[in-house]
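Below is one structure, written out as structure tokens, with a few remarks after it.
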Amino acid sequence: MEKNDIYELSQLLGNQNGLGNDFSQIMNTLRETLQKKYIQKLHATAQARQSDVMEHPPREVTLLRAMKAFTNESGKQQMENMIQALLFLQSIQNVGQDVSYLLANKEQTLQAMGADQASAPIQFDHTTRMTGLLLTLTLANTYFLERK
């Protein structure tokens, strides 16, 4: 008797476990790809922003750090909380300034990128704003996770 391809295909498609495993494998691959391609880069950029603010803190942070030596333990903890909040806010402000700068100078940026498409300026605006939002959310996530 000849091999019945339709029967074998029906068996394959009807196998709930096999189909479920295949979808699970697809989702894991998608999750890993998104993690490597996007999420790790967002976290690395957010970490770089935090490190930059730590290396070059605003004057208010420098003042609070100096005042910490003259307070009791409770006061030190409160000042440390304020310092961390100010550093977080400065990181977010820096991201916002960078996004604004890119948007204000998009012609030069697009030329440097070699973009010559008619839709590039519109797409650039949207993706730049979205990138700023995602970086802000990543910074917020990191800040609030550290507070737990």
Side-chain angles (χ1 to χ4, degrees), residues 9-148:
L9 186 57
S10 296
Q11 290 296 97
L12 179 65
L13 293 174
N15 184 349
Q16 296 293 324
N17 291 334
L19 195 57
N21 290 339
D22 289 343
F23 276 116
S24 178
Q25 195 174 25
I26 290 168
M27 291 305 296
N28 286 336
T29 302
L30 178 62
R31 189 176 304 114
E32 289 171 8
T33 300
L34 291 174
Q35 182 72 25
K36 288 177 188 172
K37 193 168 183 179
Y38 300 104
I39 296 171
Q40 286 179 356
K41 289 179 183 179
L42 274 170
H43 282 282
T45 303
Q47 180 61 42
R49 295 307 173 120
Q50 285 179 317
S51 296
D52 186 51
V53 170
M54 294 293 282
E55 290 176 21
H56 308 288
R59 292 182 306 226
E60 298 84 359
V61 168
T62 305
L63 178 62
L64 284 172
R65 285 179 176 160
M67 291 172 49
K68 252 176 56 171
F70 302 101
T71 62
N72 60 22
E73 289 304 313
S74 174
K76 286 179 183 177
Q77 184 58 49
Q78 289 175 351
M79 286 190 176
E80 186 59 35
N81 290 343
M82 287 187 281
I83 288 168
Q84 294 306 314
L86 285 171
L87 292 171
F88 165 66
L89 292 173
Q90 185 64 48
S91 297
I92 290 175
Q93 186 177 22
N94 289 354
V95 168
Q97 288 172 348
D98 289 345
V99 168
S100 294
Y101 176 82
L102 286 172
L103 292 172
N105 297 292
K106 68 180 163 187
E107 297 302 322
Q108 295 90 342
T109 304
L110 288 170
Q111 286 176 351
M113 292 170 41
D116 56 356
Q117 304 164 355
S119 65
I122 295 169
Q123 181 181 358
F124 179 79
D125 288 355
H126 293 307
T127 57
T128 301
R129 285 187 178 99
M130 182 59 70
T131 301
L133 175 62
L134 290 172
L135 276 173
T136 300
L137 291 173
T138 303
L139 286 165
N141 185 50
T142 302
Y143 175 76
F144 289 110
L145 284 177
E146 289 174 357
R147 299 290 143 255
K148 285 187 172 185

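- R129 has its side chain out of reach of L133: every pair of non-hydrogen atoms, C-beta onward, lies at least 4.5 Å apart.
- Atom CE of M82 has more than 12 neighbouring heavy atoms from other residues, nucleotides or ligands inside a 6.0 Å radius.
- The stretch residues 35-45 participates, sequence neighbours left out, in no side-chain hydrogen bond (donor to acceptor under 3.5 Å, both in side chains) pair at all.
- The two residues R49 and S91 come nearest to each other via the heavy atoms O-OG, 4.0 Å.
- Taken from CD in Q123 to OG1 in T128, the straight-line distance is 9.5 Å, to the nearest 0.5 Å.
- Residues K68 and L64 have side chains not in contact (no heavy-atom distance under 4.5 Å, counting atoms from C-beta outward).
- Remark: the Q77 side chain and the N81 side chain contain an N/O donor-acceptor pair separated by less than 3.5 Å.
- Here the CD-OG1 distance, from Q93 to T136, works out to 11.5 Å after rounding to the nearest 0.5 Å.
- To the nearest 0.5 Å, the span separating CG on D98 from OG1 on T131 amounts to 11.5 Å.
- Interatomic distance, CD1 of I92 versus CG of L135, reported as 10.5 Å (0.5 Å rounding).
- Closest approach of L102 and F124 over heavy atoms only: O-CE2, 3.5 Å.
- The main-chain N or O of Q47 is found under 3.5 Å from a side-chain atom of S51 such that the two form a donor-acceptor pair.
- In this structure, a donor-acceptor pair under 3.5 Å is absent between the side chains of N28 and E32.
- Taking CG from L89 and OH from Y143, the interatomic distance works out to 7.5 Å, rounded to the nearest 0.5 Å.
- Residues G75 and N72 come closest through the heavy atom pair N-OD1, 2.7 Å.
- The minimum heavy-atom distance linking V95 with G132 is given by the pair CG1-O, 3.8 Å.
- Within the 4.5 Å cutoff, side-chain heavy atoms of Q50 are placed close to those of L139.
- One finds the CD atom of E60 at 10.5 Å from the CG atom of L87 (value rounded to the nearest 0.5 Å).
- L63 places a side-chain heavy atom less than 4.5 Å from the side chain of M67.
- The neighbour count for E146 CD, taken as heavy atoms of other residues, nucleotides or ligands under 6.0 Å away, is above 12.
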